[in-house]
Amino acid sequence: MDYKEISFADFYNVPDKDIMARAKMFKEYVDDVADKKHLQYRRVSMNGSEPVMRVLDRYTGKVKEMVYLASNDYLHMTKHPRTISAGRAALEKYGSGAGSVPLLGGTLDIHIELENKISKFKGCESAIIYTSGFGSNCGTLLSLLQEEDIAILDMLVHASIIDGCKSTNTKFFRHNDMESLEKVLARVKDKHRTKLIIVDGVYSMDGDIAPLDRIVELAKAYGAYVMVDEAHATGVIGSTGRGTPQHFNIEGKVDIVAGTFSKGLGGVGGFIASNNELIELLHFYSRPYMFSTAMTPQVTASLIEALDIIEDEPVHREQLWKNIQYFKENLLNLGFNLGDSETAIFPIIIGDDIKVKEICRRLHEADIYVNPVLYPAVPKKLARVRMSLMSAHTKEHLDKALNALESIGKEYGVI
Ligand SMILES: Cc1ncc(COP(=O)(O)O)c(C=O)c1O
């Protein structure tokens, strides 16, 4: 079989193939991708999230050191001595697990402390915490929106939001395009019980920022609510790292602030911050919260500490932004197309799938860890090399990456 024109999207459903036959066919496809050395997913790290990662190379069987440009651990909170010692102390005090679901005995005092801290950090009355950011978005939306309602989505929102809107009506507007949003709002005026506009604060594949101030204004004018997913904004944007509402000076004006604990805060899990009543509703109707064991004590305590560190050690965010400015300036000088990236996420938009796969293979061989991002993760013809920065990257790490990008980029004609 020739897999050249085939992508991951072609295996969502294969007519006439039952699950086992479909899996067999998919495995053949993945083996073909690996034979071409284009399989850059699920690389195995031997030392966790670090600016230089020790990676077990599936192609040589050896461990090698790579400049890691794919972490969401923007502030390197995963390895901060304070997050580690707070986690260790909680492990000793509470044990390795919470022991039950939150409603039936699994709620610990430190869960309440984390809820209070994150809601305050996000300028909201109250918050609910989940063990995954995906589950948090998806479960919240599935419990809030039904067939009488409508979700109005930026076309690039995260998969967890799309999946959460499966039981309601949806309409998409063009990415970050306020005219397009207003047209959708005008079309659905007076038609649905609840209208909820949902956007990401920072877009995970593009690194650009939603114009949240204008979105909130439009929502008000058309009687809609707003939910923003702060996954890649928390700890990164806003004058003290509080995210997109702070960036636009509209803290307290967004109806539902969602986010993850897995990126700028260096742990795992998600949260929804809103008013007291909405959070109480979620305690009893959001299935991934109700029917899933509460967050581990270690993660919870590390996250409480991470929020304190963001407040009292701004140096990590400042260093991240120095890195962003340095890397961006150099990539632009070299002539790379970075789209509208404004944050720690750098897409090099190339378009051609094969070129992206080949460039990523060559960067892997040059010990630079980046990710190929292809359809369906991004629209067709917008295939890209995706990179992200951490505060812990040094100028030497960034220069090594820039040198490799320059020579490989020239070779493949993208600069
Ligand atoms: C924008 C966005 N929202 C939600 C999530 C899900 O978060 P988590 O990885 O914490 O489950 C991600 C994750 O990768 C994301 O990029």
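When reading the values below, keep in mind they use all heavy atoms of this one structure, side chains included, and skip hydrogens, waters and symmetry mates. Counting starts at 1 for both ligands and their atoms, following the listed order. Counting from 1, the numbers follow the sequence of the chain as shown.
Proximity of the aromatic rings of Y29 and F8 is defined here by a centroid distance below 6.0 angstrom, and this criterion is met.
We find that R361 and E365 are joined by a salt bridge, their nearest charged nitrogen and carboxylate oxygen being less than 4.0 Å apart. Checked for salt-bridge contact, E313 and R82 meet the test: a charged N lies under 4.0 Å from a carboxylate O.
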Working for side-chain hydrogen bond (donor to acceptor under 3.5 Å, both in side chains), residues D399 and Y326: CA-CA 10 Å; D399 284 342; Y326 180 76; 2.5 Å; yes
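Qualifying salt bridge (charged side-chain N to carboxylate O under 4.0 Å, His left out) partners for E115, counting only residues two or more places apart in sequence or in other chains: none.
D206 places no side-chain N or O within 3.5 Å of a backbone atom of D208 that could act as its donor or acceptor partner.
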Atom pairs and distances, ligand 1 N/O vs protein N/O under 3.5 Å:
unit_1: ligand 1; atom_1: 3 (N); unit_2: D229; atom_2: OD2; d: 2.6
unit_1: ligand 1; atom_1: 10 (O); unit_2: G133; atom_2: N; d: 3.3
unit_1: ligand 1; atom_1: 10 (O); unit_2: S262; atom_2: OG; d: 2.7
unit_1: ligand 1; atom_1: 11 (O); unit_2: G133; atom_2: N; d: 3.1
unit_1: ligand 1; atom_1: 11 (O); unit_2: F134; atom_2: N; d: 2.9
unit_1: ligand 1; atom_1: 14 (O); unit_2: K263; atom_2: NZ; d: 2.8
unit_1: ligand 1; atom_1: 16 (O); unit_2: H232; atom_2: NE2; d: 2.7

